[in-house]
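Taking it in order: structure first as structure tokens, then the write-up.
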Amino acid sequence: MITIEKLQKSFGKLEVLKGISLEFQRPGITAILGPNGSGKTTLIKSILGMALPDKGRICFQGEDIKGGWAYRRQIDYLPQIARFPENLAVKELLRMIQDLRGGQPDAERLIRLFALEGYLDKRLGTLSGGTRQKVNLVLSLMYDSPLLILDEPTSGLDPLAMLHLKELLRQEKERGKYILITTHIMSFVEEVADEVVFLLEGHIHFQGSLRELKEKYAASSLERAIASILQEGKLAFSSNGHGEKAAKLVLGG
Ligand SMILES: Nc1ncnc2c1ncn2[C@@H]1O[C@H](COP(=O)(O)OP(=O)(O)OP(=O)(O)O)[C@@H](O)[C@H]1O
Ligand SMILES: [Mg+2]
């Protein structure tokens, strides 16, 4: 479905993606992981054509996405930070998006699932963070596109909403969808992801199944495997004279 070849993207002097090659050719759930600022959102925005690569190529179903917009109709997207007018009521926002996109969305099922019935007349500006995220999830899941890209879908969700989200993703996967997610909740990844891509310092440090990741780092949990990746990164950078930068990275700075 997606092929990424030697993708490079900088913002000014900051090289965020330093030649990334990746393929998503099998349906299922892929988790794109990496520390804050490692380029996950930049990679996602590049796939969506919202960030323009400096070099490299992205193909969607065999066609270069450069200059083409039609392919986006086949993608449902949850942005990491969604901005909508604060004075819109939830039902007005839903109607607005439906008017813009057309098609046959199924919002009702999701509204019921996330227990949003009582919020439809409330203005977005008055909602709690988690409730807002549930509304964003309804907006991105109410269509039925073959590719689903969710940037931090778990952000702010309570445990019950998290359970519903996991169940939904499993169902969508069963229906043969391609699903890309980023999240910092490792238990979520362990429960739903088939494959993991780990971004670090502009490169892909690991791509494979959760089992392969744990085996490679002889780790009992995903968290421990990731700690090993970061440790490995730290050693690599300190031998390059970039120890300080790597230390910041390990400490999450
Ligand atoms: N439009 C932009 N202009 C300048 N710098 C940017 C822009 N977008 C992203 N960056 C920088 O690129 C780097 C990667 O950002 P990105 O949002 O892709 O990280 P991320 O892996 O998604 O992080 P997080 O886990 O915090 O969501 C960061 O240092 C960020 O500050
Ligand atoms: Mg991000």
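Whatever order the structure lists them in is the order used to number ligands and atoms, beginning at 1. When reading the values below, keep in mind they use all heavy atoms of this one structure, side chains included, and skip hydrogens, waters and symmetry mates.
- Around the Mg ion (ligand 2), the protein contributes the following N, O or S atoms under 2.8 Å, ordered by chain and number: Thr41 OG1, Gln80 OE1.
- Side-chain atoms of Gln133 come within 3.5 Å of backbone N or O of Pro153 as a donor-acceptor pair.
- Side-chain atoms of Lys122 never come within 3.5 Å of backbone atoms of Leu127 as a donor-acceptor pair (strictly under, hydrogens ignored).
- No donor-acceptor pair under 3.5 Å is formed between the side chain of Ser140 and the backbone N or O of Asp76.
- Salt-bridge check for Asp194 with Arg26: failed, with every basic side-chain N at 4.0 Å or more from each acidic carboxylate O.
- Ring-plane geometry between Phe206 and Tyr217 is classed as perpendicular, the angle between the planes exceeding 60 degrees on a 0 to 90 degree scale with a lower cut at 30.
- Although no hydrogens or angles enter the test, the distance criterion places a donor-acceptor pair under 3.5 Å between the side chain of Lys177 and the main chain of Ser145.
- At a threshold of 4.0 Å, the pair Glu92-Arg95 does not count as salt-bridged, since none of the basic side-chain nitrogens sits closer than that to a carboxylate oxygen.
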Run through all N or O atoms in ligand 1 and write down each protein N or O closer than 3.5 Å, as a pair with its distance.
{"unit_1": "ligand 1", "atom_1": "18 (O)", "unit_2": "Thr41", "atom_2": "N", "d": "3.4"}
{"unit_1": "ligand 1", "atom_1": "18 (O)", "unit_2": "Thr42", "atom_2": "N", "d": "2.9"}
{"unit_1": "ligand 1", "atom_1": "18 (O)", "unit_2": "Thr42", "atom_2": "OG1", "d": "2.5"}
{"unit_1": "ligand 1", "atom_1": "19 (O)", "unit_2": "Gly39", "atom_2": "N", "d": "3.4"}
{"unit_1": "ligand 1", "atom_1": "21 (O)", "unit_2": "Ser38", "atom_2": "N", "d": "3.2"}
{"unit_1": "ligand 1", "atom_1": "21 (O)", "unit_2": "Ser38", "atom_2": "OG", "d": "3.4"}
{"unit_1": "ligand 1", "atom_1": "21 (O)", "unit_2": "Gly39", "atom_2": "N", "d": "3.0"}
{"unit_1": "ligand 1", "atom_1": "21 (O)", "unit_2": "Lys40", "atom_2": "N", "d": "2.9"}
{"unit_1": "ligand 1", "atom_1": "21 (O)", "unit_2": "Lys40", "atom_2": "NZ", "d": "2.8"}
{"unit_1": "ligand 1", "atom_1": "22 (O)", "unit_2": "Thr41", "atom_2": "N", "d": "2.9"}
{"unit_1": "ligand 1", "atom_1": "22 (O)", "unit_2": "Thr41", "atom_2": "OG1", "d": "2.8"}
{"unit_1": "ligand 1", "atom_1": "23 (O)", "unit_2": "Gly37", "atom_2": "N", "d": "2.8"}
{"unit_1": "ligand 1", "atom_1": "25 (O)", "unit_2": "Asn36", "atom_2": "ND2", "d": "3.0"}
{"unit_1": "ligand 1", "atom_1": "25 (O)", "unit_2": "Lys40", "atom_2": "NZ", "d": "2.7"}
{"unit_1": "ligand 1", "atom_1": "25 (O)", "unit_2": "His184", "atom_2": "NE2", "d": "2.9"}
{"unit_1": "ligand 1", "atom_1": "26 (O)", "unit_2": "Asn36", "atom_2": "ND2", "d": "3.1"}
{"unit_1": "ligand 1", "atom_1": "27 (O)", "unit_2": "Gln80", "atom_2": "OE1", "d": "3.1"}
{"unit_1": "ligand 1", "atom_1": "27 (O)", "unit_2": "Gln80", "atom_2": "NE2", "d": "2.9"}

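- The side chain to side chain donor-acceptor pair (under 3.5 Å) with Thr182 is formed by just one residue from the set Thr41, Thr30, Thr154, Asp151; it is Asp151.
- Ion pairing between Glu191 and Arg170 holds under the 4.0 Å rule for side-chain N and carboxylate O.
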